[in-house]
Number of protein chains: 2
Amino acid sequence: MKASARRASKPPGGVRLEDVARVAGVSPISVSRALGNPGRVSEAMRRKVAEAVAKTGFVLNSHASTLKSGRSTLIPVFVSSIQNAHFANALQGASDAFEGSRYHLVMAQTNYSDRLEQEMVDSVLPFKPAAVMFTGMVQSKGTRETLKRLAVPVMEMWDYSPTPIDMLVGFSNAEGGRLMGEHFGQRGFRKIAYAGRTRDRGAQRLAGFQEGLALYGSAPALVLPMEGPRTVADGGAALERILQQLPDCEAIFFATDSLALGAILRAAELEIEVPKTLAIAGYGDLDIARHIAPSLTTIHVGAYDMGLRAGKMLRARLESKELASTILRCPIQLEVRTSTTP
Amino acid sequence: MKASARRASKPPGGVRLEDVARVAGVSPISVSRALGNPGRVSEAMRRKVAEAVAKTGFVLNSHASTLKSGRSTLIPVFVSSIQNAHFANALQGASDAFEGSRYHLVMAQTNYSDRLEQEMVDSVLPFKPAAVMFTGMVQSKGTRETLKRLAVPVMEMWDYSPTPIDMLVGFSNAEGGRLMGEHFGQRGFRKIAYAGRTRDRGAQRLAGFQEGLALYGSAPALVLPMEGPRTVADGGAALERILQQLPDCEAIFFATDSLALGAILRAAELEIEVPKTLAIAGYGDLDIARHIAPSLTTIHVGAYDMGLRAGKMLRARLESKELASTILRCPIQLEVRTSTTP
DNA sequence: GTGAAAGCGCTAACAA
DNA sequence: TTGTTAGCGCTTTCAC
């Protein structure tokens, strides 16, 4: 008896489909169908199988399933850092979009490193992912090539680029910068400083900012590049450096809210009046931005919403629904608050 | 020719181990060993295989690998909400602990719901996970049973409990509450209020708080339960409700920093002097807590560090290293700042 | 140190 | 609607 011979030597694997089938008195494939495609079996079959599954405590082996069917349920999501509230929000949105689906998101952190990104991508390829998501554009050429060859849906998020690998849902950093530039121009600020990253999306924000200012015949008098960490404490330090280098500075645009918040708090300690003496603006609209005093003028980016849209778009594609477009530009808004207006 | 027959019909699967073996002129099993157990093959073999892999662009199929070997590389991590900065930090720590290992963390959000937790746990069982991690104790009895039967390492984090399912790395919420109770007692506050969750870890914080106050013959005059969202805005609202119900309140302990920050900001608007008229304390030590004015007295919990320790402990177990203990209590600290001391 | 045979648990394709 | 057959791609014996 082959079945019982197997049964006897069965500590390793646990309950198999075959065991359920035997208990239910049906064939293994019927169990498989009742579980994975309930619409294609009779009501009676469904019940018999459900009972047998409950009785045996059967748990499907997804590795076997994926191996045979060729359809994986894993979707790696690459995030620079999950400690960044915006990325966390985006991730939450993506995660919510896939709730109740057959897919699972696998987290992969790239820590802002191209090398790590490449490594992480390589390390998830053995899973034969159903799709891949990125919070941020894929920078490295090698990784882009790898992903194109993969021939699975690739979703890039956060930024807006004319040449995504495949699908894209993002904001235009240039637009955010431009909105702030126009706002500064309208307010009539002279002696303007920019502090934050000057590469990648920082570069786009800065370029947009300059563009916006240019409409008013203005330009930043000082650019303080900050490529390292950009915490609240760094914002305070940045403020001091800017005031050293540009003592009569009238307005500063920080490329992230954390920096701007740090600057506002330090300004209070230095008894510099914001916005009267110095106007301060941020980017991102953190929860705290509207609550601090003075409340922070900033660019609102709906990260959660973006993640949700991206997740839904990708899910639709995976469930082979019609897709109107594979590129989506999320709205972005200037939030004018008291840190730039009296 | 079976091989070429297969080759001809080979669009689906891509390059297989067998293809690499043919190119390298060795057997499939040798390729497998060269890749997964390089120590057990000769230098020459390793080089031949490496060349053939590069030439063919081979990517291992982890589903086949796991199916055959029975050793999965997936570790689901259950988090209530990734938007909570502490949990995000813990997750980052856990993620860092597994960097460079063969394991992959799969994110699963439970949104503070027992039902969802159970569902999510069930949904990852088909992966035959190598281990399971939880940020928080597993509450539901059903899930606890499921996990015990699973017979894989289970790591619970964040809280401290005498009866974990398996492994545990956490803080004592009761201790945090007690430290704050003692601090309030020492400062001689009367008319004391507590605001925040009063269930689960909130209950522990509150109990500890009461215990600490009791040492000074004191007790909370008001407990404001907040089981719903607890954002900065909610903290401001909570402050107002407390002042309505307890107008001569001298000190408030908020169970999270967000609430306390909201209260501090609202107090400034209401022109209530902190700490002179009203002392405010929080729990968690968010980045901003030390930067706000007045800086916030709070309980410091090293979430990143905890996640890192938990990840390392679990990794050691999976790599079958000796483990001194499977339970670890992380240090917790009272950070006395100006919001409770003049 | 290397290889041959077998089968992990499941589902696609075909058949009834 | 249900069942039979075959094999997904790999690694575990076991042999040499």
Side-chain angles (χ1 to χ4, degrees), chain A residues 2-3 5-7 9-22 24-49 52-53 56-73 102 125-128, chain B residues 2-3 5-7 9-22 24-49 52-53 56-73 102 125-128:
Chain A
K2 196 178 177 189
R6 274 202 177 161
R7 253 262 208 64
S9 65
K10 208 206 48 181
V15 184
R16 298 182 319 269
L17 208 59
E18 190 187 322
D19 302 317
V20 179
R22 200 180 317 107
V26 300
S27 74
I29 184 65
S30 290
V31 177
S32 172
R33 279 197 277 249
L35 262 35
N37 234 328
R40 296 207 180 170
V41 296
S42 66
E43 171 61 32
M45 175 69 81
R46 245 172 295 167
R47 202 175 31 248
K48 270 191 286 185
V49 169
V53 165
T56 54
F58 172 71
V59 174
L60 188 72
N61 184 323
S62 75
H63 301 287
S65 170
T66 299
L67 176 59
K68 179 63 194 175
S69 70
R71 288 176 304 126
S72 166
T73 62
R102 54 190 295 276
L125 296 186
F127 292 119
K128 311 293 173 185
Chain B
K2 198 179 178 191
R6 273 200 178 163
R7 255 260 207 67
S9 66
K10 207 205 51 186
V15 183
R16 298 181 321 268
L17 209 58
E18 189 187 321
D19 303 317
V20 179
R22 201 181 317 110
V26 299
S27 75
I29 183 59
S30 291
V31 178
S32 172
R33 279 197 278 248
L35 262 35
N37 235 329
R40 297 209 178 167
V41 296
S42 65
E43 172 62 30
M45 175 70 80
R46 244 172 295 166
R47 204 176 27 251
K48 270 190 285 184
V49 169
V53 165
T56 55
F58 172 72
V59 174
L60 189 72
N61 184 323
S62 74
H63 301 288
S65 170
T66 299
L67 176 58
K68 179 64 197 176
S69 70
R71 288 176 302 123
S72 167
T73 62
R102 54 192 294 276
L125 296 185
F127 291 119
K128 311 294 172 184

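Residue numbers start from 1 in every chain, and the chains themselves are labelled A, B, ... in the order their sequence lines are given, proteins ahead of strands.
- Rounded to whole Å, atom P of D:dT1 lies 15 Å from atom CZ of A:Arg47.
- Between B:Arg40 atom CZ and C:dG1 atom C1' there is a gap of 11 Å when expressed in whole angstrom units.
- Rounded to whole Å, the distance from NE2 on B:His63 to C1' on C:dT11 is 15 Å.
- In plain terms, the two heavy atoms of B:Ser72 and A:His63 that are nearest each other are OG-NE2, 4.0 Å.
- For A:Arg22 and C:dG9, the CZ to P distance is 13 Å, given to the nearest whole Å.
- B:Leu17 has its CG atom 14 Å from the P atom of C:dA4, to the nearest Å.
- Using a 4.0 Å cut-off, no side-chain N or O of A:Ser30 falls inside it from OP1 or OP2 of D:dT2.
- Comparing atom distances between the A:Arg33 side chain and each of C:dA13, C:dC8, C:dA12 picks out C:dA13 as nearest.
- Put simply, NZ on B:Lys48 is 7 Å from P on C:dG3, counting in whole angstrom units.
- The CG atom of B:Leu60 sits 10.0 Å away from atom CZ of A:Phe127, with the distance rounded to the nearest 0.5 Å.
- Using a 4.0 Å heavy-atom cutoff across all strands shown, B:Arg71 reaches sugar-phosphate atoms only and no base atom.
- OP1 or OP2 of C:dT11 has at least one side-chain nitrogen or oxygen of A:Ser32 nearer than 4.0 Å.
- Here the nucleotide nearest the side chain of A:Ser65, chosen from C:dA12, C:dG9, C:dC10, is C:dC10.
- You'll find that the side chain of B:Val26 is closest to C:dG3, out of D:dT12, C:dG3, D:dC8.
- Not one N or O on the side chain of B:Ser30 forms a donor-acceptor pair closer than 3.5 Å with the backbone of B:Val26.
- Within the 4.0 Å cut-off from OP1 or OP2 of D:dT2, at least one side-chain nitrogen or oxygen of A:Ser42 is found.
- Here A:Ser27 reaches the OP1 or OP2 of D:dG3: one of its side-chain N or O atoms lies under 4.0 Å away.
- Between A:Glu18 atom CD and C:dT11 atom P there is a gap of 14 Å when expressed in whole angstrom units.
- Here C:dC10 presents its P atom at 13 Å from NZ of A:Lys68, a figure rounded to the nearest Å.
- Checked by atom type and distance alone, the side chain of A:Ser42 pairs as donor or acceptor with a backbone atom of A:Met45 at under 3.5 Å.
- If you find the closest nucleotide of DNA chain D to B:Ile29 and to B:Leu67, the one lying nearer the 5' end belongs to B:Leu67.
- Judged by distance alone, with hydrogens and angles left aside, the side-chain atoms of A:Asn61 form a donor-acceptor pair with the main-chain N or O of A:Ala64 at under 3.5 Å.
- At C:dC10, none of the side-chain N or O atoms of A:Thr66 fall inside 4.0 Å of OP1 or OP2 (strictly under the cut-off).
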